[in-house]
Amino acid sequence: MGTWRTFDVTWPAEARARGEVVDAALDAGVDLFDTSPMYGQAERVLGAALEGRRERALVATKVWTPDDAEAERQVQRALGWYHGRVDLYQVHNLVAWRRRLTLLERERDRGTVGAIGATHYSPSAFGELAEVMRTGRISAIQIPYNPHERDVERTILPLAEDLGIGVVVMRPLGGGRLVRSDPGAAALEPLRAFGVETWGQALLKWVLSDRRCHVAIPATSRPGRMRENAAAGAPPWLDDEARAYVARLADARA
Ligand SMILES: NC(=O)c1ccc[n+]([C@@H]2O[C@H](COP(=O)([O-])OP(=O)(O)OC[C@H]3O[C@@H](n4cnc5c(N)ncnc54)[C@H](OP(=O)(O)O)[C@@H]3O)[C@@H](O)[C@H]2O)c1
């Protein structure tokens with residue numbers, strides 16, 4: 001599950017409501033929660049929502065700053081919110097990635113960080129992302145992938161597969177834009193055999209049926225949608241024909 005925008009809330013009532021999204025996620029078997037210091041209050045709000053059940057979650061956060069002292073502060077703040085451990089620590093947008101990898105490797109050696117990753121949202125940075133992947137210093141990447149953002153198919157996904165690197169998919173619903181173009185129940189009929197009930201599930205299954213992708217992190221502020229999205233995280237997976245059908249539905253409504 002992602003937290004960009006959805007968990008950047010300040011009022012106590014809103015923060016409590018996000019706790020209900022986390023309740024729904026954990027109850028449905030979702031255990032990876034992605035956040036970042038770039039997402040305003042989201043890191044802190046997620047930490048509060050996980051209070052008393054931190055051990056049931058895998059927390060993926062990020063370090064995002066060109067400033068070394070601020071990077072240290074970001075890491076210490078996150079370790080405070082997540083009970084002294086971040087399961088996946090990512091270099092956000094590759095900012096100062098050589099120095100940030102050294103910082104995160106130090107924390108991994110201390111046992112406060114599980115895996116180290118790197119993220120970028122823009123195809124213009126995929127050449128540099130590939131360079132980081134080839135260093136052998138990261139074991140996960142986070143990239144955008146959905147029927148309208150397929151640039152990773154060219155080099156990033158094949159390289160991740162070759163190197164055995166885990167792939168976390170951001171923006172699986174196109175940031176909300178794709179999922180709003182619902183083609184309707186009749187168009188989803190051929191997908192029912194794959195356990196697809198809604199257009200959101202069709203899009204999420206489209207991502208996860210590419211076996212080079214390991215986790216999708218759709219964001220939502222609504223517990224009901226969390227349950228709906230979680231249901232797409234289990235087989236049966238779409239075959240090539242069904243994936244092509246979903247892509248055609250998405251294109252038809254672009
Ligand atoms: N590293 C990076 O550079 C980067 C960049 C972008 C994103 N990310 C990460 O990836 C996560 C996901 O990306 P994203 O938040 O941009 O976009 P997304 O997950 O593709 O879409 C989120 C939007 O879809 C809506 N939504 C969710 N489930 C739905 C459903 N079942 N039916 C209809 N609408 C639904 C949500 O609205 P409601 O709240 O109203 O449900 C929200 O507006 C982020 O939260 C963040 O953790 C990372």
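Residues: numbered from 1 along the sequence shown. Indexing begins at 1, ligand by ligand and atom by atom, following the structure's order. These figures come from a predicted structure and were not determined experimentally.
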Decide yes or no on salt bridge (Lys or Arg N to Asp or Glu O under 4.0 Å) for Asp67 and Arg99, but give the supporting numbers first. CA-CA 10 Å; Asp67 181 282; Arg99 299 201 306 282; over 6 Å; no
Pair Asp23, Arg53 - check salt bridge (Lys or Arg N to Asp or Glu O under 4.0 Å), show working. CA-CA 10 Å; Asp23 292 344; Arg53 50 196 179 167; 2.6 Å; yes
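Contact detail for Asp34 and Thr3: the closest heavy-atom pair is O-OG1, 2.8 Å.
Ligand 1 is surrounded by Gly2, Thr3, Trp4, Thr6, Asp34, Tyr39, Lys62, His92, Asn93, Thr119, Tyr121, Gln142, Met170, Arg171, Pro172, Leu173, Gly174, Gly175, Gly176, Val179, Ile217, Pro218, Ala219, Thr220, Ser221, Arg222, Arg225, Glu228, Asn229, each with at least one heavy atom closer than 4.0 Å.
In this structure, CG on Leu101 lies 4.5 Å from CZ on Arg137, to the nearest 0.5 angstrom.
Using the six-membered ring where Trp is involved, Tyr145 and Trp206 have ring planes that are tilted, between 30° and 60° apart.
Under 4.0 Å is where a charged nitrogen must lie from a carboxylate oxygen, and between Arg106 and Glu72 at least one such pair does.
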